[in-house]
Amino acid sequence: MTDLDPDRDPAVETALAEKWRAVLASHAATSCAIDRELGETFGIGVSEFELLERLWEFEQEEHLSGSRAQVLSGSVHLSQSAFSRLVARMEKSGLVQRSMCEDDRRGIFITLTDEGRERYRRARPVHRRILAETLSD
């Protein structure tokens, strides 16, 4: 890793900071658009969609339903407490189900419900359209 010295080459540091701000602006615009449209149409936001998608992908790849909460929490980019609140909200909404892991009784297993699978299936094309619109060059 290289430490940049602003006194040595301020133009390089300025360009790097501007690039970072562009990444943040793109992320904010995309997240807001997803939250707005998926929220209005399907009653879910970015984090809910990400968890539905991760669970759906796990089902497709592993031919199993569900995943351990510990594995999922790292993939949706939330703190442990925010992830726990997200899962609780989604369980209350009937999108996911929590159960004890059979292999390790300390673990929590999270699975999609039929409603969660259907909501994901309907929301995915909208999500992908928003990504195409906001992330295209």
Side-chain angles (χ1 to χ4, degrees):
M1 190 162 111
T2 304
D3 289 332
L4 292 177
D5 182 353
D7 295 327
R8 186 173 300 158
D9 194 349
V12 170
E13 184 173 330
T14 299
L16 190 58
E18 288 173 357
K19 189 173 186 177
W20 170 242
R21 289 183 192 116
V23 168
L24 290 175
S26 177
H27 177 269
T30 304
S31 293
C32 288
I34 291 169
D35 266 337
R36 183 175 47 255
E37 193 156 346
L38 292 186
E40 291 171 1
T41 308
F42 303 104
I44 60 175
V46 171
S47 296
E48 288 85 0
F49 181 85
E50 287 299 318
L51 182 55
L52 291 175
E53 183 157 74
R54 300 292 185 193
L55 286 166
W56 184 85
E57 287 170 351
F58 188 80
E59 284 184 355
Q60 304 310 302
E61 293 169 9
E62 303 295 326
H63 305 291
L64 299 169
S65 61
S67 182
R68 287 185 62 132
Q70 184 178 12
V71 172
L72 288 168
S73 67
S75 71
V76 294
H77 309 290
L78 295 172
S79 68
Q80 183 62 45
S81 61
F83 178 76
S84 294
R85 290 189 304 271
L86 171 68
V87 171
R89 281 193 317 270
M90 292 178 70
E91 184 175 39
K92 188 175 181 181
S93 297
L95 301 175
V96 300
Q97 181 177 8
R98 287 186 281 192
S99 60
M100 299 301 291
C101 183
E102 291 182 16
D103 297 335
D104 179 357
R105 300 297 292 170
R106 297 170 295 172
I108 302 294
F109 207 67
I110 303 171
T111 57
L112 281 173
T113 62
D114 289 340
E115 172 60 25
R117 210 172 283 106
E118 179 62 18
R119 186 98 47 106
Y120 170 74
R121 188 193 64 72
R122 291 187 350 244
R124 184 176 181 199
V126 175
H127 179 267
R128 296 307 196 262
R129 177 182 49 76
I130 294 167
L131 292 182
E133 291 170 359
T134 59
L135 298 178
S136 294
D137 292 332

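Considering only residues two or more places apart in sequence or on other chains, S93 meets the side chain to side chain contact (heavy atoms under 4.5 Å, CB included) condition with L95. Checked against side chain to side chain contact (heavy atoms under 4.5 Å, CB included), T41 has the following partners two or more places apart in sequence or in another chain: E37. With sequence neighbours excluded, the residues forming a salt bridge (charged side-chain N to carboxylate O under 4.0 Å, His left out) with R128 are E53, listed by chain and number. Taking S84 as the reference, Q80 meet the side chain to side chain contact (heavy atoms under 4.5 Å, CB included) condition, with sequence neighbours excluded. Listed by chain and residue number, E18 satisfy the side chain to side chain contact (heavy atoms under 4.5 Å, CB included) test with T14 (two or more places apart in sequence, or in another chain).
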Walk me through whether T30 and L135 qualify under side-chain contact (heavy atoms from CB on, under 4.5 Å).
CA-CA 7 Å; T30 304; L135 298 178; 3.4 Å; yes
Verdict with supporting geometry, L131 and I34, side-chain contact (heavy atoms from CB on, under 4.5 Å)
CA-CA 8 Å; L131 292 182; I34 291 169; 4.0 Å; yes
Between R129 and E133, is the salt bridge (Lys or Arg N to Asp or Glu O under 4.0 Å) condition met? List the steps.
CA-CA 6 Å; R129 177 182 49 76; E133 291 170 359; 3.2 Å; yes
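Here the closest non-hydrogen pair linking R54 and V76 is CG-CG1, 4.1 Å. Closest approach of S47 to L78, counting heavy atoms only: OG-CD2, 3.9 Å.
Looking at S73, its side chain never comes within 3.5 Å of a backbone N or O of F83 through a donor-acceptor pair. Between the D35 side chain and the V46 main chain, a donor and an acceptor come within less than 3.5 Å of each other. The backbone N or O of F42 lies less than 3.5 Å from a partner atom in the side chain of R119, making a donor-acceptor pair.
Expressed to the nearest 0.5 Å, how far CZ of R98 lies from CE of M90 amounts to 11.5 Å. Atoms CG and CZ, from L16 and R21 in turn, are 10.0 Å apart once rounded to the nearest 0.5 Å. Going from atom CD of E57 over to atom CD of E59 covers 11.0 Å, rounded to the nearest 0.5 Å. The CD1 atom of I44 lies 11.5 Å from the CZ atom of R89; values are rounded to the nearest 0.5 Å. Atom NZ of K19 and atom CG of L24 lie 13.0 Å apart (nearest 0.5 Å). If you take CD on E50 and CG on L86, they are separated by 10.5 Å, rounding to the nearest 0.5 Å.
Under the ring pair (Phe, Tyr, Trp, His ring centres under 6.0 Å) criterion, the residue pairs touching residues 115-137 are F49-Y120, F49-H127, W56-Y120, with sequence neighbours excluded.
For the pair V87 and I110, the minimum side-chain heavy-atom distance is below 4.5 Å. Proximity of S26 to T134: side-chain heavy atoms (C-beta onward) are nowhere separated by under 4.5 Å.
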